[in-house]
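The first residue in the sequence is number 1, and the count goes up from there. Computed over heavy atoms, backbone and side chain alike; hydrogens, waters and symmetry mates excluded. Owing to the predicted nature of the structure, the values given are computational and were not obtained by experimental measurement.
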Amino acid sequence: MPSPLRPLARLFAPAPRTLERETLEVELPDGRSVPLQRVRDPRARRMKLSVDERGARLTVPMRASLATADRFVAQHVDWLAAQLERFTLDDVPSLEPGITTQLPLRGALHDVHWQAGRFTRLDRAGDGDDALVFTHPARAGDTALRRAVRDFYEAQARADVGRWMPRYLPSLPRAPRRVTFKIMSSQWGSLAPDGSMALDLSLVLARPSAFEYVLVHELCHLIRADHSRSFWREVEARCPLWREERDYFHSEGRRLKATLRALCGKAA
């Protein structure tokens, strides 16, 4: 018979502590100093050092001492340097009025023309011209410029999804409840149990066939919630070249995500 005290024990148990974050400087073997985000995580069971496009991160269990964490980093500093080098992208574009001459969209670079105006916005030039027009008042700050880029990319992404989705809906049990675009750190898309779909905004920078593949992938989760063979058969029936698109993301994915963050801001 279960003890009647267990529910009381859970009731009066201390609440789990939240994440504790701080940024440190770590010296690499070549003499450079790089930032390292140290995170104390109550859920962590072991020390973990990781590197992605956002930088280096050390996850530390609550029970571990900071001295132990420092020794762990020192023991893995060569690995850290190698990973940071792998994630260095030298040609990620910046966003500077009058200086940025091209912006990426749908797998290609488009010329950007800057002009003065009352409102900050980014538009297509129109009339068959592939160029983009960036209008902004002289007082527009970096935040307003990035917001305009994000709004433009989201409008373009929604137009693509609106163009592609109708051809797939007849073969699905239902339509997605809604589609949102986010700046994701690692995923390309997700489908919630209620049918809400989230897509990474950097997909609009990719070649269109790759973007459409991710849409198909998430739509097929309306049929199969797993990644079983049955699921992949559904994907292949709608996107026979899905393997090529997956390989494209393996080679270009980091650059796409880093480019979007450079132009719009950090991942959510």
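Remark: the backbone N or O of Leu260 is not paired with any side-chain donor or acceptor of Arg150 at under 3.5 angstrom. A donor-acceptor contact shorter than 3.5 Å is absent between the side chain of His110 and the backbone of Ala131. A side-chain donor-acceptor contact under 3.5 Å links Arg238 to the backbone of Glu234. Panel note: side chain Arg261, backbone Leu256; no donor-acceptor pair is recorded below 3.5 Å. The backbone N or O of Arg255 sits less than 3.5 Å from a side-chain atom of Thr259, completing a donor-acceptor pair.
Under the 4.5 Å side-chain contact rule for hydrophobic residues, Tyr153 and Val133 do not share a cluster. Leu222 and Leu169 fall within a single hydrophobic cluster, where Ile, Leu, Val, Met, Phe, Trp and Tyr side chains are chained together by heavy-atom contacts under 4.5 Å. Cluster membership check: Leu24 does not share its hydrophobic cluster with Trp79, using side-chain heavy-atom separations under 4.5 Å among Ile, Leu, Val, Met, Phe, Trp and Tyr. The same ILVMFWY cluster, assembled from side-chain heavy atoms under 4.5 Å apart, contains both Leu215 and Val179. Trp114 and Leu109 are members of different hydrophobic clusters when ILVMFWY side chains are connected at heavy-atom separations under 4.5 Å.
Inspection of the Arg38 and Thr59 side chains reveals no N or O donor paired with an N or O acceptor under 3.5 Å. Side chains of Gln37 and Thr23: a donor-acceptor N/O pair is absent below 3.5 angstrom, by distance only. In this model, no donor atom of one side chain and acceptor atom of the other lie less than 3.5 Å apart for Tyr213 and Glu218. A donor-acceptor pair shorter than 3.5 Å cannot be found between the side chains of Arg146 and Thr143.
Using a 4.0 Å cut-off between a side-chain N of Lys or Arg and a carboxylate O of Asp or Glu, Glu154 and Lys182 do not qualify as a salt bridge. A salt bridge links Arg207 and Glu245; the closest N-O separation between the charged side-chain nitrogens and carboxylate oxygens is under 4.0 Å. Salt bridge status for Arg243 with Glu236: present, with a side-chain N to carboxylate O gap under 4.0 Å.
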- [ ] Could you walk me through whether Leu28 and Leu80 pass side chain to side chain contact (heavy atoms under 4.5 Å, CB included), step by step?
- [x] CA-CA 8 Å; Leu28 300 180; Leu80 177 61; 4.3 Å; yes
- [ ] Start with the C-alpha distance between Val60 and Met47, add both sets of side-chain angles, then the distance that settles side chain to side chain contact (heavy atoms under 4.5 Å, CB included), and finish with yes or no.
- [x] CA-CA 5 Å; Val60 182; Met47 208 90 67; 3.8 Å; yes
Task: Pair Arg118-His136, side chain to side chain contact (heavy atoms under 4.5 Å, CB included): steps then yes or no - done: CA-CA 6 Å; Arg118 184 177 178 183; His136 69 102; over 6 Å; no
Task: Audit row: Met197, His221, side chain to side chain contact (heavy atoms under 4.5 Å, CB included) steps and yes/no - done: CA-CA 10 Å; Met197 182 185 296; His221 279 310; over 6 Å; no
Open item on the list: salt bridge (Lys or Arg N to Asp or Glu O under 4.0 Å) for Arg167 and Glu212? Distances and angles first, verdict last.
Closed with: CA-CA 12 Å; Arg167 78 180 68 154; Glu212 188 172 3; 2.8 Å; yes
Task: Worked verdict on Ser33 versus Glu27 for side-chain hydrogen bond (donor to acceptor under 3.5 Å, both in side chains) - done: CA-CA 4 Å; Ser33 291; Glu27 185 173 340; 5.1 Å; no
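Because its NZ or CZ atom is not both nearer than 6.0 Å to the ring centre of Phe152 and within 45° of the ring axis, Arg121 does not count as a cation-pi partner of that residue.
Here the CH2-SG distance, from Trp232 to Cys220, works out to 9.0 Å after rounding to the nearest 0.5 Å. To the nearest 0.5 Å, atom OG of residue Ser202 and atom NZ of residue Lys257 are 4.5 Å apart. Distance OG1/Thr101 to CG/Asp111: 7.0 Å, rounded to 0.5 Å. The distance from atom CG of Leu49 to atom CG of Leu36, rounded to the nearest 0.5 Å, is 6.5 Å. Note that OG1 of Thr135 and CG of Leu122 are 8.5 Å apart. Values are rounded to the nearest 0.5 Å. Rounded to the nearest 0.5 Å, atoms CG (Asp123) and NE2 (His113) are 13.0 Å apart.
The minimum heavy-atom distance between Tyr248 and Ala210, with the atom names listed, is CD2-CB, 3.5 Å. Scanning both residues, Pro61 and Ala44, for their nearest heavy atoms gives CB-O, 3.5 Å. Of all heavy-atom pairs between Leu95 and Leu263, the closest is CD2-O, 3.8 Å. Gly162 and Pro166 get closest at one heavy-atom pair: O-CD, 3.2 Å. Contact record, Ala140 with Thr120: CB-OG1, 3.6 Å, taken as the closest heavy-atom pair. Scanning both residues, Pro35 and Ala56, for their nearest heavy atoms gives O-CB, 4.1 Å.
Phe211 has its side chain within reach of Leu199: a pair of non-hydrogen atoms, C-beta onward, lies under 4.5 Å apart. Using a 4.5 Å cut-off on side-chain heavy atoms (C-beta onward), Glu22 and Arg40 make no contact. In this structure the side chain of Arg147 never reaches within 4.5 angstrom of the side chain of Cys264, judged on heavy atoms. Put simply, the side chain of Thr100 does not reach to within 4.5 Å of the side chain of Phe134, judged on heavy atoms. Two residues are said to be in side-chain contact when any heavy atoms from C-beta on lie closer than 4.5 Å; Phe181 and Val204 fail this criterion. Residues Arg124 and Asp130 have side chains in contact (heavy-atom distance under 4.5 Å, counting atoms from C-beta outward). Between Leu172 and Ile223, the closest side-chain pair of non-hydrogen atoms falls below 4.5 Å.
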Enumerate, atom names and distances included, each donor-acceptor pair closer than 3.5 Å involving a side-chain atom of residues 187-194, sequence neighbours excluded.
{"from": "Asp194", "atom 1": "OD1", "to": "Ser196", "atom 2": "N", "distance (Å)": "2.9"}
{"from": "Asp194", "atom 1": "OD1", "to": "Ser196", "atom 2": "OG", "distance (Å)": "2.9"}
{"from": "Asp194", "atom 1": "OD2", "to": "Arg177", "atom 2": "NH1", "distance (Å)": "3.0"}
{"from": "Asp194", "atom 1": "OD2", "to": "Ser196", "atom 2": "OG", "distance (Å)": "3.3"}

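Surrounding CZ of Arg45 are at most 12 heavy atoms belonging to other residues, nucleotides or ligands under 6.0 Å away.
Ring-centre distance between Phe231 and His217: below the 6.0 Å cut-off.
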